[in-house]
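Below you'll find the structure, written out as structure tokens, and then a few comments.
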Number of protein chains: 2
Amino acid sequence: MTTLAALATPSPRSACARSGGPSYCDACKVRPLAVCAALEAGELHELDAIVHQGRVAAKETFIHQGEDATSVFSVVEGTVRLYKLLSDGRRQIVGFAMPGDFLGLALHNRYGFSADAVDAVALCKFDRAEFDRLVSAKPHFLRRLHEFATHELVIAQEQMTLIGRRSAEERIAAFLLMMRDRWARISGASVTVQLPMQRLDIADYLGLTIETVSRTLTRLARDRVILIVPEAVRILDEGRLAQLARS
Amino acid sequence: MTTLAALATPSPRSACARSGGPSYCDACKVRPLAVCAALEAGELHELDAIVHQGRVAAKETFIHQGEDATSVFSVVEGTVRLYKLLSDGRRQIVGFAMPGDFLGLALHNRYGFSADAVDAVALCKFDRAEFDRLVSAKPHFLRRLHEFATHELVIAQEQMTLIGRRSAEERIAAFLLMMRDRWARISGASVTVQLPMQRLDIADYLGLTIETVSRTLTRLARDRVILIVPEAVRILDEGRLAQLARS
DNA sequence: CGCGGCCTTGAGAAATGTCAACTTACGTGG
DNA sequence: CCACGTAAGTTGACATTTCTCAAGGCCGCG
């Protein structure tokens, strides 16, 4: 139910998404994408020594906005939604974290957002203090973390522009292309864009309502720009979609 | 007209906002707020050796979205607006930079936004390569930069929530309180909130139109929550304003 | 004094939100 | 294996906020 309890597999000192065999981060499938890529083979065991591998079931919350930020995470598998809640229940999803993404940048040691697993998620969890110690000892690791933060900031600024200045159709088109590109980095290009999150999540990410998302997707499908399939969307007319997103 | 030309005062190796006397960063009025605070007295001369002090007149653009990110900046005086332009002229202001703020976080060495001076701006400019060299040599400086980036990210996420999920009135109220708090850090608390930017800037920051901003401010003034004065707003009923912002 | 930039105000339009009904898919238990 | 219940998604009718367009006011500056 809470952060730690949600991380079912206890296995401390286990590997970062190891695929059997000796438990070391060097077997990790997402390492090239993750922050860990900054560490060389010889340094990996230091990370290995403090990592806790975990799984979070779909819909479980493992970061609670406002709580003490005692851990940081690296997503190995699945999709995570990061969001802020207003007192009256309105929600803004500030990002989706996917394999390779780093979670836990926090100010004043408090989480600024909550995080749920969208589908089944596997992640590497680190105690913040231990992680910090490692980061302090390795400037190139800190540099990579800083690159990740900078990247996040750039994405956030683009998201502001999307939400603040673009129409519903433009937002949806841009969202689909963004998801396609993100999956492409992780698992290769495809015209089928996996959408593990539900309509409500898309709505709350784009600053729209679920009905507007549904109607807009339906319209794009009617116009043969996309094909809606369960858990995904197939892009039929990439040029048109890109045009809608730029506009 | 362009980045470098706009930085009128040539004076290389001058101080970061020095107030007369020997030209060194240790006379800088905003140093405690700026990234430079991470450097100790003994290290300051290294920064001093690569800083170029500059001034940018109101409305001049000194960072152009998409161009090579050859410099980074620290704002000393005045207000800067950072924005993204869409091809059809729509604009989203992604932030206002004020004294102590750091500018120039960039991905792939391209600026992701443009930046203009809102009023007369004084800033410290650094060649990115030289700055990077200094950062690489001083992990505690990198750490401070990372803290700044993290802070920016937190702000950006709040801004997303503001734009994506709050009404015009809530946005305006939150904006006024944010500006008040930012000025408080720089120059002390006051019920008079300086607003150096024009209505159009506020609108483009909050994802609204200038008319909606104007109407909303007028309404708040009519309800005696604020008093509108030239270049500023006086907060009359802080409780009410905070309530509107939270809601 | 008159012009131009900025701001305000009003009237009507448009995009998106709200509310409600209905469909579809899926898992559970009879 | 079917019936039911529930969660997610879609669609329609209508409401509301915000935008758009247009006019007018204020004020500093030439």
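In the text below, chain A, chain B and the rest are named by the order of the sequence lines, each starting its count at 1. Computed from heavy atoms alone, side chains included, the values below leave out hydrogens, waters and symmetry copies.
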> Can you check the B:Arg165 CZ to C:dG17 P distance for me, whole Å?
Replying inline: 7 Å
>> Would the distance check show the side chain of B:Arg110 and the main-chain N or O of B:Gly66 forming a donor-acceptor pair, the cut-off being under 3.5 Å?
In response: yes
> B:Phe62 versus B:Asp116: any side-chain heavy-atom pair under 4.5 Å?
Replying inline: no
> Taking the side chain from B:Asp101 and the backbone from B:Met98, do they hold a donor-acceptor pair closer than 3.5 Å?
Replying inline: yes
> Is the shortest heavy-atom distance from the side chain of B:Asp204 to the side chain of B:Tyr83 under 4.5 Å?
Replying inline: no
> Do B:Leu176 and B:Leu217 come within less than 4.5 Å of each other through their side chains, counting heavy atoms only?
Replying inline: yes
> In this structure, are over 12 heavy atoms from other groups packed under 6.0 Å from B:Arg185 atom CZ?
Replying inline: no
> Taking DNA chain D as the partner, which of residues 202-226 of chain B come within under 4.0 angstrom of it by heavy atom?
Replying inline: B:Gly207, B:Leu208, B:Thr209, B:Glu211, B:Thr212, B:Arg215
> So do the side chains of B:Tyr205 and B:Arg81 get within less than 4.5 Å of each other, counting heavy atoms only?
Replying inline: no
> Between A:Arg166 and B:Asp88, is there a side-chain N and carboxylate O pair less than 4.0 Å apart?
Replying inline: no
> Any sub-3.5 Å donor-acceptor pair from A:Arg90's side-chain atoms to B:Arg165's backbone N or O?
Replying inline: yes
Provide a list of protein-nucleic acid N or O atom pairs under 3.5 angstrom, restricted to nucleotides 22-27 of chain C.
none

>> I'd like the 5' and 3' limits of the part of DNA chain D contacted by chain A, with heavy-atom contacts below 4.0 Å.
In response: D:dA8 to D:dA13
>> With a 3.5 Å distance limit and no angle check, can you tell me whether B:Ser114 reaches the backbone of B:Gln65 through a side-chain donor-acceptor pair?
In response: yes
>> How many whole angstroms separate atom CZ of A:Arg166 from atom C1' of C:dT16?
In response: 18 Å
> Counting only side-chain N and O atoms of B:Lys59, is one of them less than 4.0 Å from OP1 or OP2 of C:dG5?
Replying inline: no
